[in-house]
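Encoded as structure tokens, the structure appears first; notes follow it.
Please read all numbers here as calculations on a predicted model, not as lab measurements. These values consider heavy atoms only, across backbone and side chains, with no hydrogens, waters or symmetry-generated copies.
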Amino acid sequence: MKKLFFLLLLVISTSIFAQQKRVETSIDTTKNKIGAEFKLTLKTSVDTLSKVVFPKLKNIGALEVIQSYPIDTVKNNDRYELIKKYGLTQFDSGRYVIPSVKILINNKPYLSDSIAVEVANVQVDTLKQKMFDIKDIQPANDSIGNWWKYLLGVLLFLAIGAGVYWYLKNKQKKKIEEEVYKTPIEKATSLLNNLEKKELWQKGEIKEYYSELTDIARNYIEEAIEIPAMESTTSELIAALKAASVKKKMTVTPETIENLERVLKQADLVKFAKSKPLEYEIANDKEKIQKAILTLDSAIPVEIPDEEDVLLNEVQRQKQIALQLKKKRNNRIAVSIATVLFLLLATTFYLLATKGFDYVKDNLIGHPSKELLEGEWVKSEYGNPAVIIETPKVLVRTDLSKTMSKELMALIKEMQTFTYGSMIDPFYLSVSTLKYKQETQVDLKKAMDGALQMMELQGGAQNMIVKQEDFETKEGITGLKAYGTYTTLNKLTNERERMYYEALMFSQENGLQNILILHQEGDKYANEISERVLSSVELKHEGR
């Protein structure tokens with residue numbers, strides 16, 4: 001698009017080309033009031049055997065088609081002259097470009113000419129009306145105000161504090177309950193009684209019941225007999241229990257171990273195979289576990305540990321202490337992380353309620369245009385005749401000479417282009433200058449119209465709204481400014497998006513100077529960037 005843009009500027013400013021067209025384009029007026037009708041006329045001359053198809057359109061560019069008139073046919077000897085008219089209107093003032101319309105003649109497309117039109121505001125005679133002073137700004141009568149936002153923030157912080165307090169208090173309570181039990185058998189007996197009070201299997205929660213029942217038994221065996229019961233499978237646990245009973249000289253009957261193994265296997269079937277025991281089987285399993293725990297506890301002999309066992313127990317005790325310390329440290333880390341997350345969520349909700357979603361998104365997640373605006377800006381000089389401009393990033397030189405024909409390059413003495421980004425980026429900025437070899441009178445308005453037309457025909461711009469006005473730099477140099485919006489296809493997302501553009505064009509020292517800014521419509525940070533860039537424009541003369 002950039003290549004065609006500069007090519008069009010050169011062609012418009014140096015020569016006019018004429019070509020024979022199959023479609024003649026005309027309009028009844030190029031300037032009208034808001035809501036008034038423009039009559040666009042398309043005329044073509046064909047033989048009697050040709051087939052002509054005019055398009056059915058709801059919009060032509062930024063103008064709305066309010067009337068599609070019937071085709072008039074005039075016979076002229078052995079040819080037909082077909083005339084098609086469209087009634088167009090626009091309800092927003094400004095300069096607009098009626099783009100080319102495609103007409104099919106014998107299935108071959110032909111394009112009409114594009115025409116620039118202007119929609120003017122309806123003038124109001126204020127001299128016949130009584131005038132009044134502008135009233136001062138009055139505060140809104142808002143009985144609610146913003147107090148609810150602060151109240152919501154306080155409630156969120158209180159809720160977070162209450163949640164953290166409840167968590168720590170509950171954890172401390174569980175720790176106190178665990179420390180009440182003096183012996184493993186006391187702990188196992190108490191937990192079995194509490195399990196019965198829950199009535200899990202009576203409520204149909206059989207899997208949960210067997211999980212707690214076997215955990216109580218395994219935990220007792222691990223604490224009292226000192227074998228890794230919680231991490232072992234049923235087979236590994238029974239084998240370790242048999243070995244421990246021999247080592248510790250425990251008088252445990254085979255029946256006790258078999259009953260324990262039978263209940264553990266039953267629990268495995270319930271947990272992993274979705275088995276459902278009968279009620280009397282569940283009651284018997286609980287009694288077997290309780291009896292096995294009591295039998296094992298009574299079978300543990302009271303021994304006087306020798307020196308080797310004392311050392312082994314001390315090592316195990318140190319390991320246990322290390323594990324407990326690690327567990328406490330992990331718990332403290334988990335509590336800290338949870339607290340931070342709660343605070344972050346509370347802060348986020350508070351900012352959402354008080355500042356809005358855009359503020360949170362732009363400041364916490366990030367916004368590319370905001371980062372450009374708040375970054376370190378650079379003031380530099382580009383091209384010849386030189387353009388001095390302040391930009392958020394240094395512009396990069398782009399060479400377009402290789403893409404132009406030798407005939408066109410023969411007319412140019414010097415051409416330079418500097419850009420940031422590309423046409424598909426959320427923000428694009430370009431500065432270009434060129435000088436002619438021969439003295440050339442440049443019409444800025446025609447050059448600007450041609451550039452905007454090229455954006456529409458070759459750059460994918462549609463529904464373009466064009467407004468033009470004079471622009472003056474701080475040094476008093478005047479030029480032309482064009483601005484407005486258009487829609488284009490984003491090739492990355494494959495979706496239509498609305499873009500805003502601003503273009504400045506100056507003619508001095510037998511050359512052209514052009515500045516173009518494109519960005520997404522509604523991007524407030526990009527609007528600030530554009531305003532800052534354009535307000536910094538300086539044009540350097542050869543004598544300076």
Side-chain angles (χ1 to χ4, degrees), residues 159 162-234 236-238 240-241 244-245 250 252-253 255-300 320 323-324 327-328 330-331 334-335 338:
V164 174
Y165 173 79
W166 176 84
Y167 174 79
L168 295 175
K169 193 71 176 177
N170 190 49
K171 182 180 178 183
Q172 185 179 11
K173 183 179 179 181
K174 289 182 178 179
K175 183 177 180 181
I176 294 173
E177 289 177 352
E178 291 177 357
E179 292 176 351
V180 168
Y181 305 118
K182 296 180 180 180
T183 61
I185 186 62
E186 183 180 349
K187 178 180 178 181
T189 304
S190 178
L191 292 176
L192 286 173
N193 292 333
N194 292 335
L195 178 60
E196 285 302 310
K197 292 178 182 179
K198 293 181 181 179
E199 297 183 350
L200 293 177
W201 67 269
Q202 291 89 338
K203 298 176 183 177
E205 300 177 9
I206 299 175
K207 181 178 178 181
E208 290 76 8
Y209 176 81
Y210 270 94
S211 294
E212 291 195 27
L213 180 65
T214 54
D215 284 347
I216 293 171
R218 287 174 177 269
N219 190 64
Y220 167 77
I221 294 172
E222 185 167 298
E223 292 180 356
I225 306 177
E226 298 177 351
I227 59 176
M230 297 301 293
E231 296 83 8
S232 303
T233 64
T234 299
E236 293 172 346
L237 174 59
I238 297 302
L241 183 59
S245 64
M250 298 171 56
V252 181
T253 62
E255 181 183 0
T256 300
I257 296 179
E258 288 176 2
N259 288 336
L260 178 62
E261 183 178 10
R262 187 177 297 111
V263 176
L264 293 176
K265 289 184 176 180
Q266 178 80 295
D268 292 338
L269 292 174
V270 172
K271 290 188 288 185
F272 304 113
K274 299 182 180 180
S275 175
K276 292 185 178 180
L278 300 176
E279 293 184 3
Y280 77 91
E281 292 178 323
I282 299 174
N284 288 338
D285 288 341
K286 188 261 181 182
E287 292 178 0
K288 290 176 182 178
I289 286 290
Q290 190 171 16
K291 186 177 180 180
I293 291 175
L294 293 173
T295 302
L296 289 172
D297 189 72
S298 62
I300 299 174
Q320 190 70 21
L323 289 174
Q324 290 177 355
K327 186 176 181 180
K328 290 180 180 179
N330 291 338
N331 288 337
V335 171

Working for side-chain contact (heavy atoms from CB on, under 4.5 Å), residues Glu196 and Tyr209: CA-CA 9 Å; Glu196 285 302 310; Tyr209 176 81; 2.9 Å; yes

Evaluation steps, side-chain contact (heavy atoms from CB on, under 4.5 Å), between Asp285 and Ile289: CA-CA 6 Å; Asp285 288 341; Ile289 286 290; 5.6 Å; no

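Taking each heavy atom of Ala244 and Ile225 in turn, the nearest pair found is CB-CG2, 3.7 Å. Of all the heavy atoms in Ala292 and Thr256, the pair that sits closest is CA-CG2, 4.0 Å.
Checking side-chain atoms of Thr295 against main-chain N and O of Lys291 turns up a donor-acceptor pair under 3.5 Å. In this structure, the side chain of Glu236 engages the main chain of Thr233 through a donor-acceptor pair within 3.5 Å.
Looking at heavy atoms from C-beta onward, Leu296 lies out of side-chain contact with Ile185 at the 4.5 angstrom threshold. Taking 4.5 Å as the limit, some side-chain heavy atom of Leu237 sits within range of a side-chain heavy atom of Ile227. A 4.5 Å side-chain heavy-atom check between Lys286 and Leu195 finds every atom pair outside the cut-off.
By the neighbour-count criterion of 12 heavy atoms within 6.0 Å, atom CD of Glu255 is sparsely surrounded, having that number or fewer from other residues, nucleotides or ligands. Heavy atoms from other residues, nucleotides or ligands lying under 6.0 Å from CD of Glu279 number 12 at most.
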Atom pairs and distances, side-chain donor-acceptor, residues 211-222, under 3.5 Å, sequence neighbours left out:
unit_1: Ser211; atom_1: OG; unit_2: Lys207; atom_2: O; d: 2.9
unit_1: Glu212; atom_1: OE1; unit_2: Lys198; atom_2: NZ; d: 3.2
unit_1: Glu212; atom_1: OE2; unit_2: Lys198; atom_2: NZ; d: 3.4
unit_1: Thr214; atom_1: OG1; unit_2: Tyr210; atom_2: O; d: 2.8
unit_1: Thr214; atom_1: OG1; unit_2: Ser211; atom_2: O; d: 3.2
unit_1: Arg218; atom_1: NH1; unit_2: Ala229; atom_2: O; d: 2.6
unit_1: Arg218; atom_1: NH1; unit_2: Ser232; atom_2: O; d: 2.7
unit_1: Asn219; atom_1: ND2; unit_2: Glu223; atom_2: OE2; d: 3.2
unit_1: Tyr220; atom_1: OH; unit_2: Asp297; atom_2: N; d: 3.2
unit_1: Tyr220; atom_1: OH; unit_2: Asp297; atom_2: OD1; d: 2.9
unit_1: Glu222; atom_1: OE1; unit_2: Ala229; atom_2: N; d: 3.2
unit_1: Glu222; atom_1: OE1; unit_2: Met230; atom_2: N; d: 3.1

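Every residue was checked against the side-chain hydrogen bond (donor to acceptor under 3.5 Å, both in side chains) condition with Thr189, not counting sequence neighbours, and none meets it. Residues satisfying the side-chain hydrogen bond (donor to acceptor under 3.5 Å, both in side chains) criterion with Asn284, sequence neighbours excluded, are absent altogether.
For the atom pair CD1 (Ile238) and CD (Glu258), the distance works out to 10.0 Å, reported to the nearest 0.5 Å. Rounding to the nearest 0.5 Å places CD of Gln266 at 13.0 Å from CD of Glu261. Atom CG of Leu269 is separated from atom NZ of Lys265 by 9.5 Å, given to the nearest 0.5 angstrom. Of the inter-residue distances, the one linking Glu281 atom CD with Arg262 atom CZ reads 11.0 Å to the nearest 0.5 angstrom.
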